[in-house]
There are 2 protein chains.
Amino acid sequence: MISLNNKFEQLPEEKQSRIVNASISEFAEKDYETASMNTVVNQAGISKGSLFNYFKTKSLLYDHIYKLALGEVKSYLRKVRDETVDLPFEKRLSKIVDSGVQFIIEHPRLAKIYFRLIYSADSPNRKKIVSELQKLSNDYLGEIIQDAMDQSELDPNLNQGQAVFFLDSVLNRFLKDYHEAISQGDANQFNRDEWVKGITTLFTKGLS
Amino acid sequence: MISLNNKFEQLPEEKQSRIVNASISEFAEKDYETASMNTVVNQAGISKGSLFNYFKTKSLLYDHIYKLALGEVKSYLRKVRDETVDLPFEKRLSKIVDSGVQFIIEHPRLAKIYFRLIYSADSPNRKKIVSELQKLSNDYLGEIIQDAMDQSELDPNLNQGQAVFFLDSVLNRFLKDYHEAISQGDANQFNRDEWVKGITTLFTKGLS
DNA sequence: TCCTAAATTGACCACCCGGTCATTATATAA
DNA sequence: TTATATAATGACCGGGTGGTCAATTTAGGA
C-alpha cells in the first residue's frame, strides 16, 4: 500500500479530472474556509457522499489540490533552471520572469491557488506549507544567485540570504500584480520587456 | 448632517472603544467572511441587536474598522515623510523601515488587518481599497524617490513608477515577514540594522 | 410619580456549512 | 438469472451565520 488515497486514485480518469477541475475552480475562487464542498460536488456532477468517500475531509481534498498546484510550479521552476544553467545572470532573470508569466497564462487558476497560499493566512497547515515554499524558493533562487556570485556577475561577498529575499520579493510581487491584471483583462499596462530590463538593472546596478 | 453613522458616533466613548476593540481583534484574527458578528458582540459586551443598530451590516462595520486602520497607517507615513524631508535617501529609507517596524510593534492588530487587506482577496470593495492604497504608496514613495532623483542620489532618468514598485515590493514584504515573525515570537532572526543596510545598498548600488 | 420616547435586548429566522449513513443502484461471479 | 459485494446517492444532522423585531429596560421631562 503506497497511497492512502487509493479510493480516489482508482477512479476512472475522466471522473478524477472532473473532480479535480471543480475543486481547482472552487479553491481558486474562494479561500479555504469559504470554499464549499457543495459547490464542488455540483460542479463535478457527483454526489456529496461520493466526494467524502474519496476524500475523508475538506482538508484532505485541499491537500490533494495544493500539492498538485505546487507540483506544477516546481516543474516549471526546475525546467527554467535547467534550461538556463549556462546563461549569464541577466538572461537568466529574464527567462525566469518569462516563464513565470507563461505559467500564469497557462494555469491561471493554479496561480491563484498558489498566491492565495502564499499571501493569505487561512489554509490548513499554512505554516508548514509556507516554510516548505520558502525552502523551495531559497534553493531555487539561491542557486541562481550563487552561480552569479561565482561568475563575479554579482558581488561575491553578498549576503546571499538577503539577495534571495529581495529577488523573491520583487519577482513574486511582479507576478502577483501581473496575474491580477490578467484576471481583470488589462495586462497591457505591463510592457514585459521594460519590466524585465528594470528588474535586472535594479539587481545588477541599483537605481543610482 | 455630516456622518451617516451618527448612531454609533453618538455613543459614549467607552462603549465605542469596546466595540472598536472587539472588532479589530476579530477582523485581525479572521478574514472578512470568517469573522463573526456574534464574536464581536460577545467580546464587546453588547447585544446583537445593538451592534446591528449602530452598523446596519457587517460590511459597514468592516468599513469603519479598515478606515480606522488605514488612517493610522497614513498618519505614520505622513509623520515619517515630514520628519525626514531633509535627510539623504539612505537615511530616509532607514527611517521608513524603522517607523514601519515601530508601527507593527505598536499596532500589531491593525498591521494584521492592513496586510490581510493588501494580500488577501476577500474583503468587500477590495478592488477600490487596493487601488486607493496603491495611490497612497505611489504618492508617498514617489515623492521620496523623486527627491532623491532631484538630488542626484538616484539616477535622474529613472523610470519612477518602476522604482516605486520595487521599493514598495521589498518594503512591504520585509514588514510582512517581520510582522509574522513577531506574532510567532521569533523576531530575533531579523537583525534590523543589517536589513536596513541591505535594502539601501540594493537600491543605491545594486548587488554587483 | 407617572408617562412617553428612545435605547437595548436576545430569541428567532432562513440559509448554508462539513460530514454521515441508511438506502439504492451497479457490477460481478456463480 | 440470481445472489452478493461494492459504489453512489441525497436526505438528514448539529452547528454557525448575518440579520430582524417584538418585547423590555432605561432615561428624562412634566
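In what follows, chains are A, B, ... by sequence order, proteins preceding strands, each numbered from 1. Values below: every heavy atom of this structure, side chains too, minus hydrogens, waters and symmetry copies.
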Return all side-chain donor-acceptor pairs below 3.5 angstrom for residues 93-105 of chain A, not counting sequence neighbours, or 'none' if the list is empty.
unit_1, atom_1, unit_2, atom_2, d
A:Asp98, OD1, A:Arg192, NE, 3.3
A:Asp98, OD1, A:Arg192, NH1, 2.7
A:Asp98, OD1, A:Arg192, NH2, 2.8
A:Ser99, OG, A:Lys95, O, 3.4
A:Ser99, OG, A:Ile96, O, 3.3
A:Gln102, NE2, A:Glu106, OE2, 2.9

task = Walk along DNA chain C from 5' to 3' and tell me the first and last nucleotide with an atom closer than 4.0 Å to a non-hydrogen atom of chain A.
result =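 So the contact region on DNA chain C extends C:dC17 to C:dC21.
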ask   = Do the side chains of A:Phe203 and B:Leu202 get nearer than 4.5 Å, heavy atoms only?
value =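 Touching, per the 4.5 Å side-chain cut-off.
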inquiry  = So does B:Glu194 get a backbone contact from the side chain of A:Gln162, meaning a donor-acceptor N/O pair under 3.5 Å?
reply    =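 Checked: pair present.
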key: Short side-chain to backbone donor-acceptor contact, B:Glu26 and B:Ala35, under 3.5 Å   =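 No: the side chain of B:Glu26 does not pair with the backbone of B:Ala35.
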Under 3.5 Å, sequence neighbours excluded: what are the donor-acceptor pairs made by side chains of residues 77-88 of chain A?
unit_1, atom_1, unit_2, atom_2, d
A:Thr84, OG1, A:Val80, O, 2.8
A:Thr84, OG1, A:Arg81, O, 3.4
A:Thr84, OG1, A:Arg92, NE, 3.1

inquiry  = Given B:His179, which partner from the list B:Phe115, B:Tyr114, B:Phe174, B:Tyr119 fulfils the ring pair (Phe, Tyr, Trp, His ring centres under 6.0 Å) test?
reply    =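 Filter result, single survivor: B:Phe115.
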query = Rounding to a whole Å, what distance do you find between B:Lys58:NZ and D:dG16:P?
reply =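 Whole-Å distance recorded here is 15 Å.
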query = With under 30° as parallel and over 60° as perpendicular, where do the rings of B:Phe8 and B:His64 fit, or are they tilted in between?
reply =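 The arrangement is perpendicular - the two ring planes meet at more than 60°.
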task = Taking only Lys NZ, Arg NE, NH1 and NH2, and the carboxylate oxygens of Asp or Glu, determine whether B:Asp139 and B:Lys135 approach each other closer than 4.0 Å.
result =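 Judged by the 4.0 Å cut-off on N to carboxylate O distance, B:Asp139 and B:Lys135 do form a salt bridge.
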inquiry  = Strictly below 4.0 Å, N to O, side chains only: are A:Glu180 and B:Arg126 in salt-bridge contact?
reply    =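 Salt bridge: yes.
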Please list, pair by pair, any protein nitrogen or oxygen found under 3.5 Å from a nitrogen or oxygen in nucleotides 26-28 of chain D.
none

ask   = Quick one: what's the B/S/- string for nucleotides 8-14 of chain D, heavy-atom cutoff under 4.0 Å, read 5' to 3'?
value = SBB----
query = Rounded to the nearest 0.5 Å, how far apart are CG of B:Leu141 and CD of B:Gln146?
reply =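 So the gap between those two atoms works out to 13.0 Å.
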query = Just by distance, with hydrogens left out, do A:Ser123 and A:Tyr66 show a side-chain donor and acceptor under 3.5 Å apart?
reply =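 Checked: A:Ser123/A:Tyr66 side chains show no N/O donor-acceptor pair below 3.5 Å.
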ask   = Considering only heavy atoms, which members of residues 27-41 of chain A lie under 4.0 Å from some atom of DNA chain C?
value =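 Result for residues 27-41 of chain A: A:Ala35, A:Ser36, A:Met37, A:Asn38, sorted by number.
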task = Check A:Phe190 against A:Ala181 and note the closest heavy-atom contact, atom names and distance.
result =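 It is CE1-CB, 3.7 Å.
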